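Predicted model only: the values in this text are computed from it and were never measured. Letters A, B, ... mirror the listed sequences (proteins, then strands); counts begin at 1.
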Amino acid sequence: MIGPRPVLPARWLLAIVVLVLPADARDRYREEFRTELAELSVAAQIAQASSLLVGSVALRAALSSRSLPTLGPTRRDWRCRLGRHHYVGRESDNPEMRGIGYLQCVRCGKRKDPPSFGVMPAVALGRGGG
Amino acid sequence: MSVPPPRMTQTTQAVLRALLEEPKQQLYGLEICAATGLPSGTVHPILARFEALGWLDSAWEQVDPREQGRPRRRYYRLNANGIGMARDALARAYEARTRIVGRLRPAGDTV
């Protein structure tokens, strides 16, 4: 590395920061952050490295979002994460499945396959009953 | 494939304003931190999100580190698309803030 090296504690902190990041981004950010640290005083280097460590998880999330395709809502409701979906009845648009619907969560879109719960009751499809 | 736009928090808006101050000028991390008063750990995730959105371009400084006596810097600059998007986003954030403040103001208060 050309120029002054950051102090050892700052380099240690930086090493942890870089480990948190996605593998394909490590080289770039290692060099970028070392450059920033090299331009600071000793106390500022440690503060800077600490700040980078605190923000490393957010940085990882931002870098990871580059490669993830998003086809719909990106934040899954906490209730869906716990398996507490809010299913409503849907009618299948497959002509061969006429009359047999499925359940779909209105929050995350997860579907329940028909074979797992059997034939859709008429009530769930709003066709009355009882 | 799309990246969801970032929430327009105060820190995000501060970074955008710093980048829009002189849109044609490129800034590196420490300059943006100094302009916004924000720590590096806050600024870099925001910059990464804007890069992922395609609003921001970044590139290594084209210098010889040996001649400069220091390592090369990573510079950031809003691209043509990003300048328009950033201005729109800031305008929407300002409108939303103005709307909220207006609702909080007591009825009949004109000050």
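Arg49(B) and Ala58(A) get closest at one heavy-atom pair: NH1-O, 4.4 Å. Nearest approach of Ser51(A) to Pro39(B), heavy atoms of both residues: OG-CB, 3.1 Å. Of all heavy-atom pairs spanning Arg28(A) and Tyr76(B), the tightest one is NH2-OH, 2.8 Å. Heavy atoms only, all atoms of each residue included: Ser40(B) and Glu36(A) are closest at OG-OE1, 3.2 Å. The two residues Gly55(A) and Pro45(B) make their nearest non-hydrogen contact at O-CG, 3.6 Å.
Here the CZ atom belonging to Phe33(A) is positioned 4.5 Å from the NE2 atom belonging to His44(B), to the nearest 0.5 angstrom. Rounding to the nearest 0.5 Å gives a distance of 9.5 Å between CG of Leu59(A) and CG of Leu47(B).
There is no path of hydrophobic side-chain contacts, each under 4.5 Å, that joins Val20(A) to Ile46(A). Residues Leu53(B) and Leu27(B) are members of one and the same hydrophobic cluster, defined by side-chain heavy-atom contacts under 4.5 angstrom among Ile, Leu, Val, Met, Phe, Trp and Tyr. Criterion: ILVMFWY side-chain heavy atoms under 4.5 Å apart, direct or through other members. Under it, Val54(A) and Val17(A) are not part of a common hydrophobic cluster. A continuous path of Ile, Leu, Val, Met, Phe, Trp and Tyr side chains, each step under 4.5 Å between heavy atoms, connects Met8(B) with Leu38(B), placing both in one hydrophobic cluster. A single hydrophobic cluster is seen to contain both Leu14(A) and Leu63(A), as judged by linkage of ILVMFWY side chains at heavy-atom distances under 4.5 Å, directly or through other members.
Arg74(B) places none of its side-chain heavy atoms less than 4.5 Å from the side chain of Glu31(A). Within the 4.5 Å cutoff, the side chain of Arg5(A) has no heavy atoms near those of the Pro71(B) side chain. Using a 4.5 Å heavy-atom cutoff, the side chains of Tyr28(B) and Glu39(A) are in contact. Within the 4.5 Å cutoff, the side chain of Thr35(A) has no heavy atoms near those of the Glu61(B) side chain.
Other residues, nucleotides and ligands contribute only 12 or fewer heavy atoms inside 6.0 Å of the CH2 atom of Trp12(A). The 12-atom threshold is not exceeded at CZ of Arg84(A), counting heavy atoms of other residues, nucleotides or ligands nearer than 6.0 Å.
Leu53(A) does not touch chain B: none of its heavy atoms, backbone or side chain, sits under 4.5 Å away.
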